[in-house]
Amino acid sequence: MPSSDPNVVRIFTEICLPVFVLAGLGWMLDRVFSLQLRTLVKLNIYCFVPAFIFVAVLESPQAGWRPVQIIAFTLCVIASMAALSWASAALLGLASAGRRALQLTTMFYNCGNFGLPLMALAFPASGPAVQVFVVMTMNIATFSLGTILVAGGGSAAGQTGTRRVWSAIARQPSLYAIVAALILRQLPYRVQDVPALWAPLQHLKGGLIAVALITLGVQLAQYRPAPLRGVLSWALLQRLAGGPLVAALLVLLFRFPPEIAPILILGAGAPTAVNVALLAHEFDADVSLASTMVFYSTLCSMVTVTLTLWILRLSA
């Protein structure tokens, strides 16, 4: 189990380095075998992540209004990053397309493939139980608001864009997993007492960390990033440094207890969500900017996430 020692080297080697070792394994495997990224993504979306969320919600100690509070916090982080991106775009003199691209790459962060494994290592007792509600909220926001942004916003999205939004939301099995788990928590029946169901779910949950990070490595191996300059540099700073700062202010506003606040702050410093690049590809948007932000923000998060966790432990 990772130590709670605030030593920055130990934080990197025990918590952050394992994340990138597994992602690096995925990168190397793709270089050797040219893996099918679409298949790996579907395994994550339709098997491992829903199973993880279902089991984690059923076992979560979070009760009452706490899940609703976490969901509201995540929405406020997204809204705050959208406002910050809008202001940044105005200062940089970006046109509408540039503003939307900046918003897209800074509002939505990788709380699933990256965030869930990170929380399991950094806060094994309560991190995953909190993070599942962040993942649910982020998935819905990415495939609704994110779809509108990447499709051009407003009337450009049109009726076809609206159908795509609802279709994308309806295809998210994680949403059904969390609804089913929340319902089952209120019933006298326990899925845990049915080994034929519970044992496979536990195996899928246990496999998420490795498969998600290997998938992340494959995704990075298949991107061809553009040079890091201009708006990319600004977006990178805003995502990796602005995210935790915004979250630190919001946890004070929401008055989260000390066992939950660090989880939410650390999670808000995750790199740009891979789903952003997938949406950009689907809607023929700025794929280069989206994929480059995923690539550079993931690499740079080795440093920023380590420092964020170090600061959080020093201030605990």
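Since this is a predicted model, take the numbers as computed values, not measurements.
Across all non-hydrogen atoms, the minimal contact from Ile209 to Ala120 is CD1-CB, 3.6 Å. Residues Leu250 and Ser80 come closest through the heavy atom pair CD1-OG, 4.2 Å. Between Met81 and Arg239 the shortest heavy-atom distance is CE-NH2, 4.1 Å. In plain terms, the two heavy atoms of Leu220 and Trp27 that are nearest each other are C-CD1, 4.2 Å. Shown here for Val132 and Ala56, the closest heavy-atom pair between the two residues is CG1-CB, 3.5 Å. What you find for Val135 and Cys111 is that their closest heavy atoms are CG2-O, 3.2 Å.
Put simply, Leu245 and Trp234 are part of two different groups of oily side chains (I, L, V, M, F, W, Y) that touch within less than 4.5 Å, one to the next. When hydrophobic clusters are built by joining Ile, Leu, Val, Met, Phe, Trp and Tyr residues whose side-chain heavy atoms come closer than 4.5 Å, directly or via intermediates, Met302 is not grouped with Leu237. Cluster membership check: Leu249 does not share its hydrophobic cluster with Leu240, using side-chain heavy-atom separations under 4.5 Å among Ile, Leu, Val, Met, Phe, Trp and Tyr. Leu91 and Trp86 fall into different hydrophobic clusters, where Ile, Leu, Val, Met, Phe, Trp and Tyr side chains are chained together by heavy-atom contacts under 4.5 Å.
Checking each of Ser301, Pro271, Cys300 against Leu236 for a side chain to side chain contact (heavy atoms under 4.5 Å, CB included) leaves exactly one that passes, namely Cys300.
Donor-acceptor pairing under 3.5 Å is recorded for the side chains of Gln238 and Ser88. Arg100 and Gln103 share no donor-acceptor pair across their side chains, judged by distance under 3.5 Å alone.
Side chains of Leu312 and Thr308 form a contact here, defined as non-hydrogen atoms less than 4.5 Å apart. Here the side chains of Pro173 and Ile45 are in contact, with some heavy-atom distance below 4.5 Å. Taking the side chain as every heavy atom from C-beta outward, Met293 and Val276 never approach each other to under 4.5 Å. Side chains of Tyr109 and Thr74 form a contact here, defined as non-hydrogen atoms less than 4.5 Å apart. Looking at Arg66 and Pro257, their side chains come closer than 4.5 Å, going by heavy atoms from C-beta outward. Side chains of Met119 and Val130 form no contact here, defined as non-hydrogen atoms less than 4.5 Å apart. Here the side chains of Val218 and Leu29 are not in contact, with every heavy-atom distance at 4.5 Å or above.
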* Kindly determine whether Val57 and Met136 satisfy side chain to side chain contact (heavy atoms under 4.5 Å, CB included), including the steps that lead there. => CA-CA 11 Å; Val57 172; Met136 178 201 72; over 6 Å; no
* To do: Please step through side chain to side chain contact (heavy atoms under 4.5 Å, CB included) for the pair Gln219 and Leu37, ending with a clear verdict.
  => CA-CA 7 Å; Gln219 289 168 326; Leu37 177 58; 3.1 Å; yes
* Verdict with supporting geometry, Thr106 and Leu84, side chain to side chain contact (heavy atoms under 4.5 Å, CB included) -> CA-CA 9 Å; Thr106 56; Leu84 184 60; over 6 Å; no
* side chain to side chain contact (heavy atoms under 4.5 Å, CB included) evaluation trace for Phe54 with Lys205 -> CA-CA 9 Å; Phe54 183 80; Lys205 179 191 176 189; over 6 Å; no
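Between atom CZ of residue Phe20 and atom OG1 of residue Thr306 there is a gap of 7.5 Å, rounded to the nearest 0.5 Å. If you take CG on Leu182 and CG on Leu58, they are separated by 8.5 Å, rounding to the nearest 0.5 Å. Going from atom CD1 of Ile178 over to atom CD1 of Ile183 covers 11.5 Å, rounded to the nearest 0.5 Å. We find the CG-CD1 distance between Leu121 and Ile15 to be 7.0 Å, quoted to the nearest 0.5 Å. Atom-to-atom distance recorded for Phe123:CZ and Leu264:CG is 9.5 Å, nearest 0.5 angstrom. Atom CG in Leu145 sits 4.5 Å away from atom CZ in Phe108 (nearest 0.5 Å).
Gln69 contributes a side-chain N or O that, together with a main-chain N or O of Phe254, makes up a donor-acceptor pair within less than 3.5 Å. Under a 3.5 Å cut-off, the side chain of Arg99 and the backbone N or O of Ser85 do not form any donor-acceptor pair. Under a 3.5 Å cut-off, the side chain of Ser297 and the backbone N or O of Thr272 do form a donor-acceptor pair. Remark: side-chain polar atoms of Asp30 are paired, donor with acceptor, to backbone N or O of Leu35 under 3.5 angstrom.
For Trp198, the CH2 atom counts as densely surrounded, since its 6.0 Å shell holds more than 12 non-hydrogen atoms of other residues, nucleotides or ligands. Within a 6.0 Å radius of CD in Gln36, other residues, nucleotides and ligands contribute 12 heavy atoms or fewer.
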